[in-house]
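Presented below is the structure to which this report refers.
Atoms within each ligand, like the ligands themselves, are counted from 1 in listed order. Every heavy atom of this structure was used, including side-chain atoms; hydrogens, water molecules and symmetry mates were not.
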Amino acid sequence: PPAAEGGEAAGGGDELISVGFSQVGAESGWRAANTKSIQDTITEENGFELSFSDAQQKQENQISALRNYIAQGVDVLAFSPVVETGWDAVLEEAKAANIPVVLTDRAVETEVEDAYVSFIGSDFVKEGEMAGEWAAEEYDGEGYKVVELQGTTGSAPAIDRKEGFASAIEGTDLEIIDSQTGDFTRDGGKKVMEGFLTAHDDIDVVFAHNDDMGLGAIEAIEAAGKTPGEDIKIITIDAVKDGMQALADGKINYIVECNPLLGPDLAEVIKATVAGEPVEERIVVKDEAFDQEAAVAALPDRQY
Ligand code: GYE
């Protein structure tokens, strides 16, 4: 009987909570693990009805997905904003429709007051700092030249990781000689690294804002006849399986973790919000870091 389904009926305490989720895209191993975590926890079994869409790293796609969910009258909106700015109009529309918004993974910069109930995700500045501190500890005094593979231009993790890394190597003799976006993809990392290798013959270190770009850089370095992890050191962020494998294999030198398993926190925040209970405005996910030895030890138990 189709009329009874969809959680629209009034009354009754056992209705599903409808959630519209707009995901950034499918750009990386991190994103795949994050999507799986959300789809595994925001389930009917757990009391939710999930509408999920992939914006293919385009803000306009995210805005139209959010507008569709508002028009459908979902109970809660959640999204991982591809870039930081440009959300004010759609956040106003959600507010006017009385639909609470939860941010996962990435932050927004907005003028809208009380634009969202909670932001769940890692501290990206700290991740960049952890990467930079390790580089400073290992390599200060060598006069090393660093190239940086940035994440998506305008995204919170690209802005914050760049800032954190730069501040941590300040006062050392490590020098960033080039920095360009590889859009958080393996292919982007490979292409930008090919360009770096053509333009500079003195690269000692790559700092990539995620594992996938670091893995692309490995391909470019090997194609140029050099040994990644030795001739050119590599530091990345995420600690997904493929990255951890390359670290254990000696091709990457250090990885700062970024935990993608945000589904359980998201489920809790949504339930509390719908129940009218207070929620934490900022939920910071804890991240570790791994050197090659730690990666060998951690690999067998990694969940993503
Ligand atoms: O590090 C990268 C992904 O926003 C934290 O996005 C996320 C980043 C993650 O594409 O791999």
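With ligand atoms numbered from 1 in the order given, ligand 1 contributes 3 (C), 4 (O), 6 (O), 7 (C), 8 (C) to contacts under 4.0 Å with heavy atoms of Arg31. Numbered from 1 in the order shown, with element, the atoms of ligand 1 that lie under 4.0 Å from a heavy atom of Ser28 read 2 (C), 3 (C), 10 (O), 11 (O). Shown in contact with Cys258 at under 4.0 Å from a heavy atom are these atoms of ligand 1, numbered in order with element: 5 (C). Atom numbering of ligand 1 starts at 1 in the shown order; those under 4.0 Å from a heavy atom of Phe124 are 5 (C). Of all atoms in ligand 1, listed by their number and element, those nearer than 4.0 Å to a heavy atom of Pro157 are 4 (O). The atoms of ligand 1 that sit less than 4.0 Å from any heavy atom of Phe184 are 2 (C), 10 (O).
Proximity of the aromatic rings of Trp87 and Phe79 is defined here by a centroid distance below 6.0 angstrom, and this criterion is met.
In summary, the side chains of Gln150 and Thr181 do not present any donor paired with an acceptor at a separation below 3.5 Å, with no hydrogens or angles considered.
If you look at Arg161 next to ligand 1, the close heavy atoms, those under 4.0 Å, all belong to the side chain.
Distances between N or O atoms of Trp30 and those of ligand 1 include no value under 3.5 Å. Any N or O atom pair closer than 3.5 Å counts here, and His209 shares no such pair with ligand 1.
The pair Arg106-Glu84 does not count as a salt bridge, with every side-chain nitrogen at least 4.0 angstrom from each carboxylate oxygen. A salt bridge links Asp242 to Arg186: at least one charged side-chain nitrogen sits closer than 4.0 Å to a carboxylate oxygen. Ionic pairing of Arg302 and Glu257 is present here: one or more N-O contacts between side-chain nitrogen and carboxylate oxygen are shorter than 4.0 angstrom.
Atom CG of Asp114 is surrounded by 12 or fewer heavy atoms from other residues, nucleotides or ligands within 6.0 Å. Heavy atoms of other residues, nucleotides or ligands lying less than 6.0 angstrom from NZ of Lys126 number 12 at most.
The nearest protein atom to atom 11 (O) of ligand 1, hydrogens excluded, is given as Asp238 OD2, 2.7 Å; this is a heavy-atom distance. Scanning the protein heavy atoms around atom 10 (O) of ligand 1, the nearest turns out to be Glu27 OE2, 2.5 Å. Of all protein heavy atoms, the one closest to atom 7 (C) of ligand 1 is Asp105 OD1, 3.2 Å. Ranking protein heavy atoms by distance to atom 6 (O) of ligand 1, first place goes to Arg106 NH2, 2.9 Å.
Ligand 1 lies nowhere less than 4.0 angstrom from a heavy atom belonging to Glu127.
When each of Gln245, Glu222, Glu230 is checked for a side-chain hydrogen bond (donor to acceptor under 3.5 Å, both in side chains) with Lys251, only Glu222 meets the rule.
The cationic atom of Lys95 (NZ for Lys, CZ for Arg) does not lie both less than 6.0 Å from the six-membered ring centre of Tyr116 and within 45° of the ring axis.
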